[in-house]
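Predicted, not measured: the structure shown is a model, and the values here were computed from it.
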Amino acid sequence: NLFILDLSSPPDAQAQEYMSLWYDIQNQRFNVLTSASYRNEPTCFPVSPLRHGVWHHVLLSYAPPKRPMLSRKAILGMFVDGRPLEAEVRVESVNLPPNARIHIGVPNPNLAVSGYVRGTLPPWEVGPTLMLATLLSSLDATAMFTSGPDFQGMFWGDRPQRLSLAATGTAAFAMLAESGEQGSVAGALRRREIPRLEAAGTVNRERHGGPNGTGSHAVSDSLAALSLLFNVSPDVVLFGFRASSSHSYVRSGSKGMKLSRFAKRLVNVARINSFKEDVSTDAIVYGNGSVISPSCFADNIQWVGGPSILLPIVNAARSPKSLALTLRLVRESVHRHPPNLEMLQARGGYKMLAYVLRHKKIMDSNVLDQCFAFGVHGFIPGALDEKQRNTNGDSKKKLPESWPYADRWVFSDLDAMKYLLLNHQVWDMRNTGPSLPLRLLSFLNGLVSQN
């Protein structure tokens, strides 16, 4: 069981009340149990499989009863990867004091020794955590999900917002493809009530409203156009924890000091310059865990100037192999990163990259693979060569009928397809023979022939 959130009364309280939410990996569903539950049986949400090995965004909303004298049923809503589950759950409300404790990753001690919840605690990674004293809508959950796991802010203005709708759409397509949700990406957007995100892009704006997106049929590139620009007031933030706010100092005499295992303090960033009384205290991470604050390569490229600073490296390449490696650097700097994607899409980055490639005259299949990977998420450059090495010698003379891993491909970046692939100035086929056109056609065939 993955214990997502557990709220409980302090040990010295007269009545021990709690509310615990966990995910049952074996049954693939979320469960919630409160101290007032009938027969101490958990209430189950609908089945919602979670794919292993990828980040998932989970949002829980709690609406207390409007008339406590008539009904004690509270409403719990679950949003997984920006999509609400099929049904809300009604549970018995609990009255938790302002100094209630919060556990993430483990149940509260009373629930742990009660025997109501059984099973092991598997290792898992917890990303940034935020608690607000307000209800959020379905579009708010979708906006938080589309920000991505690498977003370094807390949605109250502490970091520059990602504003480009086209860049956010490209990153969202990649995350939806990795989440393992059934159906197509277009169907996933419809379930989140943002089907227009599929048509977002610089090329689409130029087609409808001119180069600068102006005109009577102009398409806005702002997240506010689809109500995906999410901001919260600092007054409603109870706590905000992330790995980068960790500190090795643990208060003397605290529980973390008495433990012989790992212990580290997480600073509640909502307390910075805050004079509210209801803001949470800092947190302690302890047990068989660690606090890791990875340094994102894409963020580092953004702060030093964006992916355009890598273009001189591309221009310095003197062989097809080195050119392919430099293109991979550029591609990794924009992977699921809207600010860097915006620099390539809306600020002429792809046009400059195409201009550099046009004058290289060393284009081959490796460079074509990297260019195709810019526009299609899930495509693995070199997958065809690997497949051919694993087959006999007769099949090496012709292209495969189906491209390997094509069932995972998602067409995510229309701008990359226009400026890097479907650009006759970049690909001068007069001196290459039929190998590159056939390879590109096999790419497109694998893209459109998915089940």
Trainee: Can you confirm whether I75 sits close enough to V89 that some side-chain heavy atom of one is under 4.5 Å from a side-chain heavy atom of the other?
Mentor: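 Side-chain contact under 4.5 Å: no.
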
Trainee: Are a donor atom and an acceptor atom from the side chains of Q16 and N108 found within less than 3.5 Å of each other?
Mentor: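 Q16 vs N108: no donor-acceptor pair found between side chains.
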
Trainee: If we count only N and O atoms by modelled type, under 3.5 Å, do the side chains of N31 and D24 hold a donor and an acceptor together?
Mentor: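 The answer is no; no qualifying pair exists.
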
Trainee: With distance as the sole test, does N340 use its side chain to make a donor-acceptor pair with the main-chain N or O of S333 at under 3.5 Å?
Mentor: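 Yes, the answer is positive, given that a donor and an acceptor are paired below the 3.5 Å cut-off.
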
Trainee: Nearest heavy-atom pair of Y23 and I4: which atoms, and what distance?
Mentor: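 Y23 and I4 have their closest heavy atoms at N-CG1, 4.4 Å.
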
Trainee: For Y116 and N40, which I'm curious about, is there any donor-acceptor pair between the side chains at under 3.5 Å?
Mentor: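 Present: a donor and an acceptor within the cut-off.
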
Trainee: Are side-chain heavy atoms of W409 and F372 found at a separation under 4.5 Å?
Mentor: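 In short, these two side chains touch, coming nearer than 4.5 Å.
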
Trainee: Could you grab the distance from atom OH of Y350 to atom CE of M417, nearest 0.5 Å is fine?
Mentor: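 These two atoms lie 10.5 Å from each other.
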
Trainee: Any side-chain to backbone donor/acceptor pair from R271 onto T281? Under 3.5 Å, distance only.
Mentor: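 Between the backbone of T281 and the side chain of R271 there is no qualifying donor-acceptor contact (under 3.5 Å).
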
Trainee: Quick one: do the Q345 and T170 side chains pair a donor with an acceptor below 3.5 Å?
Mentor: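 Yes.
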
Trainee: Report the C-alpha separation of L5 and W22 in whole Å, then their side-chain angles, then the decisive distance to 0.1 Å, and conclude whether the side-chain contact (heavy atoms from CB on, under 4.5 Å) test is met.
Mentor: CA-CA 7 Å; L5 182 66; W22 69 90; over 6 Å; no

Trainee: So do the side chains of I194 and T142 get within less than 4.5 Å of each other, counting heavy atoms only?
Mentor: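 When only atoms from C-beta onward are counted, T142 and I194 do touch, with a gap below 4.5 Å.
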
Trainee: Under 6.0 Å from the CD atom of E332, do we count more than 12 heavy atoms belonging to anything else shown?
Mentor: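 Atom CD in E332 is crowded, with more than 12 foreign heavy atoms closer than 6.0 Å.
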
Trainee: With no hydrogens and no angle check, is any side-chain donor or acceptor of D369 less than 3.5 Å from a backbone partner on N366?
Mentor: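 No, because the side chain of D369 does not come within donor-acceptor range (under 3.5 Å) of the backbone of N366.
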
Trainee: Tell me whether the count of non-hydrogen atoms from other residues, nucleotides or ligands lying under 6.0 Å of OH in Y355 goes above 12.
Mentor: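 Not buried by this count: 12 neighbours or fewer within 6.0 Å.
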
Trainee: How about T146 and F230: do any of their side-chain heavy atoms sit closer than 4.5 Å?
Mentor: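 Side-chain contact under 4.5 Å: no.
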
Trainee: Starting from the C-alpha separation in whole Å, work towards a yes-or-no answer on ring pair (Phe, Tyr, Trp, His ring centres under 6.0 Å) for F239 and F241.
Mentor: CA-CA 7 Å; F239 67 71; F241 297 117; 4.9 Å; yes

Trainee: Verify, without hydrogens or angle tests, whether S9 (side chain) and E17 (backbone) share a donor-acceptor contact under 3.5 angstrom.
Mentor: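 Yes, S9 side chain to E17 backbone: donor-acceptor pair under 3.5 Å.
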
Trainee: So, the side chain of N268 versus the backbone of L238: is there a donor-acceptor pair under 3.5 Å, distance only?
Mentor: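 Confirmed, N268 side chain pairs with L238 backbone.
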
Trainee: Tell me, do T129 and R242 make a side-chain contact under 4.5 Å, heavy atoms counted?
Mentor: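 T129 vs R242: side chains apart.
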
Trainee: Report the C-alpha distance between R51 and E178 in whole Å, list the side-chain angles of each, state the deciding distance to 0.1 Å, and finish with yes or no for salt bridge (charged side-chain N to carboxylate O under 4.0 Å, His left out).
Mentor: CA-CA 8 Å; R51 186 176 180 180; E178 295 175 355; over 6 Å; no

Trainee: So is R192 actually on top of F145's ring, under 6.0 Å and inside 45° of the axis?
Mentor: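 Cation-pi check for R192 and F145: passes.
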
Trainee: Can you tell me if T34 uses its side chain to pair, donor with acceptor, with the backbone of M19 under 3.5 Å?
Mentor: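 Judged by distance alone, no pair lies under 3.5 Å.
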
Trainee: Test L421 against L368 for side-chain contact (heavy atoms from CB on, under 4.5 Å), laying out the working first.
Mentor: CA-CA 8 Å; L421 279 174; L368 180 64; 3.6 Å; yes

Trainee: Is there a donor-acceptor contact under 3.5 Å from the side chain of S222 to the main chain of A224?
Mentor: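 It does hold such a pair.
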
Trainee: Taking all heavy atoms of F3 and all of P107, pick out the closest pair and write down the distance.
Mentor: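 Nearest pair, atom of F3 first, then P107: CE2-CB, 3.5 Å.
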
Trainee: For M343 versus G305, what's the shortest heavy-atom pair and its separation?
Mentor: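 Closest approach of M343 to G305: SD-O, 4.1 Å.
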
Trainee: Any heavy-atom pair between the side chains of V376 and S412 that's under 4.5 Å?
Mentor: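 No, too far: nothing below the 4.5 Å cut-off.
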
Trainee: Taking all atoms of both residues into account, what is the closest heavy-atom pair of S93 and P65, and its distance?
Mentor: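 Nearest pair, atom of S93 first, then P65: CB-CD, 3.8 Å.
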
Trainee: Within the side chain of S233, is there an N or O that forms a donor-acceptor pair under 3.5 Å with the backbone of V236?
Mentor: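 No.
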
Trainee: Go through the steps to decide whether V304 and I309 satisfy the test side-chain contact (heavy atoms from CB on, under 4.5 Å), and finish with yes or no.
Mentor: CA-CA 8 Å; V304 298; I309 68 168; 3.3 Å; yes

Trainee: Could I get the full list of salt bridge (charged side-chain N to carboxylate O under 4.0 Å, His left out) partners for R191, not counting sequence neighbours?
Mentor: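 Result, salt bridge (charged side-chain N to carboxylate O under 4.0 Å, His left out) vs R191: E181.
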
Trainee: Determine whether more than 12 heavy atoms belonging to other residues, nucleotides or ligands lie under 6.0 Å from atom CD of Q182.
Mentor: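 Open: at most 12 neighbouring heavy atoms sit under 6.0 Å from CD of Q182.
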
Trainee: Could you tell me the separation between the OG atom of S20 and the CG atom of D6, rounded to the nearest 0.5 Å?
Mentor: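 One gets 4.0 Å once the value is rounded to the nearest 0.5 Å.
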
Trainee: Any non-hydrogen side-chain atom of R336 less than 4.5 Å from a side-chain atom of P149?
Mentor: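 A side-chain contact under 4.5 Å exists here.
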
Trainee: Roughly how far, to the nearest 0.5 Å, is CG of L422 from CG of L444?
Mentor: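 Those atoms lie 7.0 Å apart.
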
Trainee: Of all heavy-atom pairs between G169 and L197, which one has the smallest distance, and what is that distance?
Mentor: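 Looking at all heavy atoms of both residues, the shortest contact is CA-CD1, 3.8 Å.
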
Trainee: Heavy-atom count check: over 12 atoms from other residues, nucleotides or ligands less than 6.0 Å from E193 CD?
Mentor: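 Counting other residues, nucleotides and ligands, CD of E193 stays at 12 neighbours or fewer.
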
Trainee: Between L357 and C371, which heavy-atom pair has the shortest distance, and what is it?
Mentor: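 Distance-wise, the nearest heavy atoms are CD1-SG, 4.1 Å.
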
Trainee: Nearest 0.5 Å please: distance from the CG atom of L341 over to the OG atom of S164.
Mentor: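 One gets 8.0 Å once the value is rounded to the nearest 0.5 Å.
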
Trainee: Check the pair M144 / F155 against side-chain contact (heavy atoms from CB on, under 4.5 Å), numbers first and verdict last.
Mentor: CA-CA 8 Å; M144 297 180 73; F155 301 104; 3.9 Å; yes

Trainee: For H337, which residues count as a ring-ring contact (aromatic ring centres under 6.0 Å, His included) partner, sequence neighbours excluded?
Mentor: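 Partners of H337 under the ring-ring contact (aromatic ring centres under 6.0 Å, His included) test: none.
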
